[in-house]
Each structure stands twice: as structure tokens, then as C-alpha cells.
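One structure below.
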Amino acid sequence: MRAALVGYSSSEEEEEAAQEPPRGSPGRPRLPLPAGLPGEPGPEEAVTEDRSRHGGRIRAFPHERGSWATHIYLPYSAPEEFLELRELLLSRARTRVPALAAMGEFHLSLSQCVVLPYHWIQPLVRALRDRLAPFHRFFCVADQVKVYTNQNKTRTFIGLEVSAGHFQLLELVSEVDRVLEEFDLPTFYKDPSFHISLAWCVGDLSGRLEGQCLQELQDIVDKFEDSALLLRVQWEQVRCKSGNKYFSFPLR
């Protein structure tokens, strides 16, 4: 089984997600550009990149002043038992890939990482709030171990793929996509593999984790005490991260 190839978005990935050119939308007027907002970055602000601060990760698009990496997702606050399961999986996986690092936070992506001009942040947040207002809290099951690589194969991930709850997730993605289309931004993938990432490493090391290793990891999940209950996740809010700003949209 080959690793799923995804343009993965995460708190670790946002700074290096691939930048795509805006898609043309003939016949639909573009949103007007509002005047500068208080606190807008000035042209004199320079940014230098120290790759050692990011675990050796390679930025897939150059930083531009006034452009903010933006990601929409469902945050997950993991209980102690989930962290115990993650450590068991990491311990086994590190026998094949010692460089695997644990994810600091957990989430399920509803968008790619996109790049926004600063003055689009608030209009996008308002549009998201309107679109997501009718949605209720829901459950999904994330219990299938899967190996992923990002689109340019500079990083490898181990995640828990969703096996139940796709319908509600696709409905959320549909509304998020509508908002992104209003801004001529890339939408989510046509056939997404919804998942919660547990660990990552630099480079394409998926070949070391597939086959027998992947089956061993799945066996750990299947035999973990009360895993069926533990991996039934309730989603209570959607979150948008744009640069260092966070915006939450509680589900009803």
C-alpha cells in the first residue's frame, strides 16, 4: 500500500504548504480591497528564516510581507489515553524511522493551507462565521492507521484516518470551500482522506512505515483498551488560524 499523497495542512505545515496561483472566476467580480486595518504589517518589516527553528522543514513558498498562511480545521483536545496510544504507536514506528517526532497539537483539516493578504482576514472570518452557524456538534471515528506524505514529499506523517463520520465532514468542507471560492483561493481536495496526524519526520520515509510496520501499528490500535470509545471523537468547534491569529466558530 502506497502512502497517501496529500498537501497536508497542520500547525507544523502551514509555513511550507504549496502556494497556488488564484483561480480565475470569469463573470464573478472580485471582492473589493478594504482600507488598511490597525496593526497591518508595514512595508519596512523584514522577515528572515532560520530553518533550524522549524525542525529542518523546507518552506514550499517564499515568505512575502503582508501575506498570512491560513488554515481551517477542527481542533482536538486529546485525553491522556489518546496520548498513551500515540506513544505506543511512536515507540513501534521509531524502530523503523527513529527521527519521527510527536505532533504538538491534534486537529482534522477542513482546508489546505492558503495565503491571505492581511486585509482579507476579517472578511474571510465573517464569511466563515455565517456559513458555519447552522452546523451542530457531531461524532466521527478515527481508528485506521495510515501513512501520508505532503505534495512535494518533503515530509512524512503517521495519522489516524476517519472511518465513520465522512458525511458531516464533507458538509463542513463544502461550506468552507464556498467561502474560499469567494476569495479565489484553493479549495480542499476532491476525495479527502480525513485524519488526525500523530507524528511526522522530514523527508519521504513512507516506504519504511508501510507493509508489515503499518499492520503492526494497526494491531496496536485494535488491541488498545477501549479504543472503540477512545477514537470516537466529538467535534465541538471549527477554528481558523491565520498567521498568529486564531478564530473559533462553536458548533451548536
Side-chain angles (χ1 to χ4, degrees), residues 6-15 17 20 22-23 25 28 30-34 37-40 66-79 82 103-142 159-162 164-197 231-252:
V6 294
Y8 183 79
S9 296
S10 77
S11 58
E12 298 284 352
E13 182 77 1
E14 287 163 9
E15 295 183 347
E20 300 184 24
R23 296 170 301 171
S25 302
R28 189 178 73 235
R30 291 178 179 271
L31 291 171
L33 300 182
L37 300 178
E40 182 171 358
S67 295
W68 292 54
T70 300
H71 178 217
I72 301 158
Y73 59 95
L74 294 161
Y76 176 51
S77 298
F82 186 90
M103 300 295 288
E105 298 178 351
F106 303 105
H107 67 268
L108 188 149
S109 292
L110 300 176
S111 79
Q112 303 186 57
C113 182
V114 299
V115 180
L116 285 184
Y118 180 81
H119 49 259
W120 280 10
I121 295 175
Q122 288 298 337
L124 181 132
V125 168
R126 287 194 296 268
L128 283 173
R129 198 174 302 282
D130 290 342
R131 287 283 184 183
L132 299 176
F135 283 87
H136 292 263
R137 300 178 184 184
F138 65 97
F139 289 92
C140 76
V141 177
L160 289 175
E161 186 182 30
V162 169
H166 287 87
F167 178 76
Q168 294 92 332
L169 292 170
L170 288 171
E171 282 193 321
L172 278 175
V173 166
S174 177
E175 294 304 314
V176 170
D177 278 352
R178 288 173 182 264
V179 172
L180 295 174
E181 286 173 344
E182 293 177 14
F183 292 80
D184 284 332
L185 293 170
T187 55
F188 207 39
Y189 312 104
K190 291 183 179 179
D191 187 21
S193 174
F194 294 113
H195 63 281
I196 302 171
S197 282
L231 301 178
R232 185 173 183 261
V233 179
Q234 183 180 31
W235 303 112
E236 299 183 347
Q237 65 172 300
V238 175
R239 187 171 294 166
C240 175
K241 180 179 186 290
S242 189
N244 60 358
K245 300 178 182 295
Y246 292 85
F247 306 91
S248 293
F249 313 96
L251 301 178
R252 300 171 63 184

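Position 1 is the first residue of the sequence, and the numbers go up from there. Worth saying up front: this structure is predicted, and the values here are computed from it rather than measured.
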Problem set entry | Spatial distance of atom CG (L74) from atom SG (C140) [nearest 0.5 Å] | 8.0 Å
Exercise. Between V238 and P250, is any pair of side-chain heavy atoms under 4.5 Å apart?
Worked result: no
Problem set entry | Pairwise side-chain contact, L160 with L231, heavy-atom cut-off 4.5 Å (strictly under) | yes
Exercise. Name the one of L169, V233, V141 that satisfies side-chain contact (heavy atoms from CB on, under 4.5 Å) with V162?
Worked result: L169
For this session: Identify, with sequence neighbours excluded, every residue that meets side-chain hydrogen bond (donor to acceptor under 3.5 Å, both in side chains) alongside Q237.
Result: S248
Exercise. Do R129's NZ or CZ and the ring of F249 fall within the cation-pi criteria of under 6.0 Å and 45°?
Worked result: no
For this session: Can you sort out the partners of P79 under side chain to side chain contact (heavy atoms under 4.5 Å, CB included), two or more places apart, ordered by chain and number?
Result: Y76, E81, F82, L230
Problem set entry | L185/V179 under side chain to side chain contact (heavy atoms under 4.5 Å, CB included): CA gap, chis, key distance, verdict | CA-CA 9 Å; L185 293 170; V179 172; over 6 Å; no
For this session: Kindly write out the residues that satisfy side-chain hydrogen bond (donor to acceptor under 3.5 Å, both in side chains) with E175, not counting sequence neighbours, or none if the list is empty.
Result: R131
Exercise. In Å and rounded to the nearest 0.5 Å, what is the CG to CG distance from L110 to L180?
Worked result: 10.0 Å
Exercise. Between W235 and L108, is any pair of side-chain heavy atoms under 4.5 Å apart?
Worked result: yes
Exercise. Should T187 and V173 count as side-chain neighbours, where that means a heavy-atom distance under 4.5 Å?
Worked result: no
Problem set entry | Interatomic distance, E236 atom CD to S77 atom OG [nearest 0.5 angstrom] | 8.5 Å
Exercise. Mind checking what makes side chain to side chain contact (heavy atoms under 4.5 Å, CB included) contact with Y246, not counting sequence neighbours?
Worked result: Y73, R239, K241
Exercise. When rounded to the nearest 0.5 angstrom, what distance separates CZ in F247 from CD1 in I72?
Worked result: 11.0 Å
For this session: Would you please name every residue forming a salt bridge (Lys or Arg N to Asp or Glu O under 4.0 Å) with E161, sequence neighbours left out?
Result: K146
Problem set entry | Residues that P117 engages under side chain to side chain contact (heavy atoms under 4.5 Å, CB included), provided they are two or more places apart | H119, W120
For this session: Could you tell me whether the side chain of R137 reaches within less than 4.5 Å of the side chain of L251, counting heavy atoms only?
Result: yes
Exercise. To the nearest 0.5 Å, what is the distance between CZ (F188) and CZ (F194)?
Worked result: 5.5 Å
Exercise. Do S109 and H71 get their side chains close enough for a donor-acceptor pair, meaning under 3.5 Å?
Worked result: yes
For this session: Could you tell me whether the side chain of W68 reaches within less than 4.5 Å of the side chain of V115, counting heavy atoms only?
Result: no
